[in-house]
Amino acid sequence: MSNSTFKLAHHFETAEQQRSAATLGMWVFLATEVLFFCGLLCGYSVYRSVHHETWALASRHLDLWLGTFNTTVLLTSSLTMALAVRSCELQQPRGTAGWLIVTMTLGSMFLIVKAVEYSHKWHDRLVPGAGFDWSGNATQAGPAELFFSFYFVLTGVHALHMVIGIGVLAWLLWRCRSRKQEPDGNYFERNGASRRLSPRNVASERPVASAIPLTEKQMPPLALTENVGLYWHLVDIVWVYLFPLLYLIDRTSGAS
Amino acid sequence: MSSTSTSIRRLVEAYAVLLVLLGATVAASLTPLGTLAIVVALLIAMLKTVVIAVRFMHLDHAAVVVRTFAIVGWVMAALLISMAVGDTLSRLPSRVNF
């Protein structure tokens with residue numbers, strides 16, 4: 001691990017061992033995320049099996065082409081995130097920062113399209129609550145409202161994960177950018193964190209990275225970038241399931 | 001965990017496969033498949049998951065313990081959902097669609 005900010009924790013023997021532990025820990029966290037969405041999808045599956053016909057009708061109120069466009073955007077963002085991790089692994093600061101920016105842009109585009117879809121539902125009075133207005137058979141209104149409850153909760157929680165993901169990507173990007181502005185040499189270690197030399201702490205601290213080339217100081221830690229990438233890909237995978245389950249229940253008749 | 005960088009070609013290949021699968025999902029949804037529609041949609045979603053997990057999340061280079069954790073969450077999710085749906089459908093004998 002050649003990154004200047006890398007610190008080997010005392011309970012690990014090698015950098016590779018620490019990186020492996022970080023990866024495993026991230027996958028454990030992702031498993032909890034899978035089970036979180038599983039609970040929601042379990043409820044969805046039960047109600048869909050009971051109200052299949054009405055949910056198929058309600059599903060047709062979702063915009064198939066906006067959903068398809070958003071899926072493409074998210075799949076593309078997974079590619080760019082993987083390219084960001086690859087650039088980080090190859091110690092390419094410009095590539096890492098560039099792909100992170102593209103990924104954040106695509107993530108933001110997804111959220112904007114989602115907001116447009118929400119506004120359409122609000123305009124069509126399909127938001128569950130007192131204002132919900134189902135134009136079809138009155139007996140279908142309850143199950144249809146239930147469908148839209150699942151739609152807003154599932155896509156809303158997914159969008160929240162996207163917002164958190166974009167925030168973490170911005171943090172990674174900041175770590176790239178902030179290091180670019182630092183002069184070469186003069187990194188000092190204190191309490192496990194690297195920071196610049198200042199006249200006040202020259203005497204009390206130990207230089208650790210003065211010989212590391214400038215480009216390496218611009219990189220966020222690889223294990224961190226990899227784990228953020230894993231999170232981003234999982235959010236993508238969740239959408240891979242939400243798209244057909246919400247948008248594509250039955251488009252064979254009266255499809256938009 | 002990858003010890004060497006994944007080539008751009010492998011990543012772009014995976015992306016192309018994902019786009020083809022997306023097209024297949026949409027095309028299948030516009031085709032009258034009846035009860036099979038949900039099966040086809042979920043099979044395609046699982047294929048996409050495998051492509052993303054193997055190529056983008058580097059499970060192809062991951063340690064066995066990491067692969068195990070990656071798979072267990074999905075298996076538990078599939079078990080829970082299939083048992084819940086199976087129980088519900090068994091109480092609705094007249095239902096044939098899903």
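Lettering of chains follows the sequences in order, A, B, ..., and the numbering in each one begins at 1. Quick note: numbers below take in every heavy atom, side chains included, and nothing from hydrogens, waters or symmetry partners.
Sorted pairs that involve residues 65-83 of chain A and meet salt bridge (Lys or Arg N to Asp or Glu O under 4.0 Å), not counting sequence neighbours, are lacking altogether.
Using a 4.5 Å heavy-atom cutoff, the side chains of A/Trp65 and B/Val26 are in contact. Between A/Thr252 and B/Leu30, every side-chain heavy-atom pair lies at or beyond the 4.5 Å cut-off. Counting only heavy atoms from C-beta outward, the side chains of B/Phe69 and A/Leu30 never approach each other to under 4.5 Å. Side-chain contact between A/Trp27 and B/Thr68 is absent, with no heavy atoms from C-beta onward closer than 4.5 Å. When side chains are defined from C-beta on, B/Ile81 counts as touching A/Cys38, because their heavy atoms get closer than 4.5 Å. At least one side-chain heavy atom of B/Ile38 sits under 4.5 Å from a side-chain heavy atom of A/Leu245. In this structure, the side chains of A/Thr72 and B/Leu19 come closer than 4.5 Å at one or more pairs of heavy atoms.
At a 4.5 Å heavy-atom cutoff, B/Met83 makes no contact with chain A through either its backbone or its side chain. At a 4.5 Å heavy-atom cutoff, the contact between B/Tyr15 and chain A is made by side-chain atoms alone. Using a 4.5 Å cut-off between heavy atoms, B/Ser29 touches chain A through backbone and side chain atoms alike. Contact of B/Ile8 with chain A is made through backbone and side chain together, with heavy-atom distances under 4.5 Å. Looking at A/Leu248, the atoms closer than 4.5 Å to chain B (heavy atoms on both sides) sit in the backbone and in the side chain alike. Interface remark: A/Thr76 contributes backbone and side-chain atoms alike to the contact with chain B (heavy atom separation under 4.5 Å). With a 4.5 Å cut-off on non-hydrogen atoms, A/Phe37 does not touch chain B at all. Interface remark: B/Leu79 contributes no atoms to any contact with chain A (heavy atom separation under 4.5 Å). The part of A/Leu35 that comes within reach of chain B is its side chain, from C-beta onward, which places non-hydrogen atoms under 4.5 angstrom from that chain.
When each of A/Leu230, A/Leu234, A/Thr32, A/Asp236 is checked for heavy-atom pairs under 4.5 Å with chain B, A/Leu230 comes out on top. Counting heavy-atom pairs under 4.5 Å between each of B/Ala41, B/Ala78, B/Pro32, B/Ser82 and chain A puts B/Pro32 at the top. Chain A forms more heavy-atom pairs under 4.5 Å with one residue of B/Asp87, B/Leu33, B/Ile71, B/Val65 than with any other, namely B/Val65. Ranked by heavy-atom pairs shorter than 4.5 Å toward chain B, the options A/Gly67, A/Ala82, A/Gly229, A/Ala31 are led by A/Ala82.
Once rounded to the nearest 0.5 Å, the distance linking CE of B/Met57 with OG of A/Ser78 reads 8.0 Å. A distance of 5.0 Å separates CD1 of A/Ile237 from CD1 of B/Ile52, quoted to the nearest 0.5 Å. The distance from the CZ atom of A/Phe243 to the NZ atom of B/Lys48 is 7.0 Å, given to the nearest 0.5 Å. Interatomic distance, A/His52 NE2 to B/Leu89 CG, rounded to the nearest 0.5 Å: 10.5 Å. Rounded to the nearest 0.5 Å, atoms CD (A/Glu89) and NE2 (B/His58) are 6.5 Å apart.
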Test side-chain contact (heavy atoms from CB on, under 4.5 Å) on B/Thr49 and A/Tyr241 and set out the steps. CA-CA 9 Å; B/Thr49 304; A/Tyr241 287 87; 2.9 Å; yes
Pair B/Leu22-A/Val240, side-chain contact (heavy atoms from CB on, under 4.5 Å): steps then yes or no: CA-CA 9 Å; B/Leu22 171 61; A/Val240 159; over 6 Å; no
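With sequence neighbours left out, A/Leu246 forms a side-chain contact (heavy atoms from CB on, under 4.5 Å) with A/Tyr44, A/Leu62, A/Phe147, A/Tyr151, A/Leu154, A/Thr155, A/Leu242.
By the neighbour-count criterion of 12 heavy atoms within 6.0 Å, atom CZ of A/Phe36 is densely surrounded, having more than that number from other residues, nucleotides or ligands.
Nearest heavy-atom pair, B/Gly73 versus A/Val34, reported as atom, atom and distance to 0.1 Å: O-CG1, 3.7 Å.
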